[in-house]
Amino acid sequence: MNSEAIFAQTVMRLRTARHLAIFTGAGISAQSGISTFRDPSTGLWARYDPKKLATPAAFAKDPALVWAWYSWRRTLVNEAQPNAAHLAVARLTQCLPRVTVITQNVDDLLERAGSKEVIHLHGDLASARCFQCNRPYLGPLPVDVGPDCDSLEPPRCPHCDGQVRPN
């Protein structure tokens, strides 16, 4: 049986469900070239210290380092393309009456594949918030930062002049 037939058969079976929840994690984006966090050999935390990059305390201590690191990751995601798994999830959301997509990923590959209203449990690289007043930041975010960039001042909040942090 080919993949189209398997997909059609799966959709037919799922149509009896009242509400389908699809939960994804880092593995779905790995084939698009996005590093996972916890893989022992290739994961981001195997190469970088999360306490220095991914906590409120890290941002308070060195906002330029944290902002540069997340901007570099945003650049990598911007260059990546959705893979077959992202496209399959999007097709399911279009074929079934009620689907909720929940992801642990911070990339936007599910949305670029066509999924709507994705719930991002760990935030979203494509958005930012003020560190002080917590308002969403709607200004431009850098997407052309290279891996050697170790310092990049975050923008300022137009409401309170606080520093903007990754979301």
Side-chain angles (χ1 to χ4, degrees), residues 1-59 65-129 136-137 141-150 152 165-167:
M1 193 179 303
N2 68 26
S3 61
E4 283 298 315
I6 292 170
F7 186 85
Q9 187 178 52
T10 302
V11 168
M12 190 170 46
R13 287 182 179 160
L14 290 174
R15 284 209 170 131
T16 61
R18 290 187 319 209
H19 187 167
L20 176 67
I22 299 173
F23 191 85
T24 71
I28 196 171
S29 294
Q31 286 191 354
S32 292
I34 305 299
S35 295
T36 65
F37 283 96
R38 291 179 181 86
D39 184 276
S41 58
T42 62
L44 291 170
W45 297 151
R47 295 177 286 169
Y48 303 100
D49 183 352
K51 291 178 186 169
K52 293 181 180 176
L53 297 169
T55 66
F59 186 83
L65 173 67
V66 172
W67 188 257
W69 191 73
Y70 277 92
S71 296
W72 169 66
R73 292 193 51 231
R74 193 177 305 109
T75 299
L76 295 177
V77 167
N78 199 48
E79 293 170 354
Q81 296 301 314
N83 62 50
H86 298 111
L87 297 169
V89 169
R91 275 189 67 197
L92 279 172
T93 66
Q94 295 158 5
C95 295
L96 300 173
R98 189 165 178 217
V99 179
T100 299
V101 179
I102 306 163
T103 186
Q104 295 180 78
N105 293 353
V106 295
D107 63 59
D108 65 347
L109 296 175
L110 284 162
E111 289 90 342
R112 284 197 267 150
S115 294
K116 308 282 187 231
E117 300 179 33
V118 177
I119 298 169
H120 288 265
L121 294 178
H122 297 299
D124 176 8
L125 277 177
S127 65
R129 306 188 77 72
Y137 175 72
L141 300 176
V143 290
D144 58 354
V145 177
D148 297 328
C149 180
D150 59 4
L152 183 66
R165 66 169 174 84
N167 191 17

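Note: hydrogens, waters and symmetry copies are ignored here, and every other heavy atom, side chains too, is used.
- Here S71 contributes atom OG and L125 contributes atom CG; the two are 9.0 Å apart, rounded to the nearest 0.5 Å.
- Here the CG atom belonging to D108 is positioned 11.0 Å from the OG1 atom belonging to T103, to the nearest 0.5 angstrom.
- Residues Q104 and F23 meet the side-chain proximity criterion, which asks for heavy atoms closer than 4.5 Å.
- At a threshold of 4.5 Å between non-hydrogen side-chain atoms, the residues L121 and I102 count as touching.
- The side-chain heavy atoms of L110 and V101, taken from C-beta on, include a pair separated by under 4.5 Å.
- The minimum heavy-atom distance linking A113 with A90 is given by the pair O-CB, 3.3 Å.
- One finds the CG atom of D49 at 9.0 Å from the OG1 atom of T55 (value rounded to the nearest 0.5 Å).
- Atoms CG and CG, on N83 and L109 in that order, are 7.5 Å from each other to the nearest 0.5 Å.
- You'll find the side chain of P166 stays beyond 4.5 Å of the side chain of W69, heavy atoms only.
- Side-chain contact between T100 and H19: present, with at least one pair of heavy atoms (C-beta onward) separated by less than 4.5 Å.
- Looking at H120 and N167, their side chains never come closer than 4.5 Å, going by heavy atoms from C-beta outward.
- Of the possible polar contacts, one joining the R112 side chain to the A80 backbone as a donor-acceptor pair under 3.5 Å is found.
- Side-chain contact check for H86 and S29: at least one donor-acceptor pair (N or O, by modelled atom type) lies under 3.5 Å.
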Can you check side chain to side chain contact (heavy atoms under 4.5 Å, CB included) on I28 and V89, steps first, answer last? CA-CA 10 Å; I28 196 171; V89 169; 4.1 Å; yes

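- A 6.0 Å sphere centred on CD of Q94 holds more than 12 heavy atoms belonging to other residues, nucleotides or ligands.
- Annotation: the span from L141 atom CG to T75 atom OG1 amounts to 10.5 Å, rounded to 0.5 Å.
- V11 pairs with exactly one of Q9, R13, R15 by the side chain to side chain contact (heavy atoms under 4.5 Å, CB included) rule, that one being R15.
- Between the side chain of N2 and the main chain of E4, a donor-acceptor pair closer than 3.5 Å is present.
- With rounding to the nearest 0.5 angstrom, the SG atom of C95 is 12.5 Å from the CE atom of M12.
- Side-chain N or O atoms of R98 include none that pairs as donor or acceptor with a backbone N or O of R18 at under 3.5 Å.
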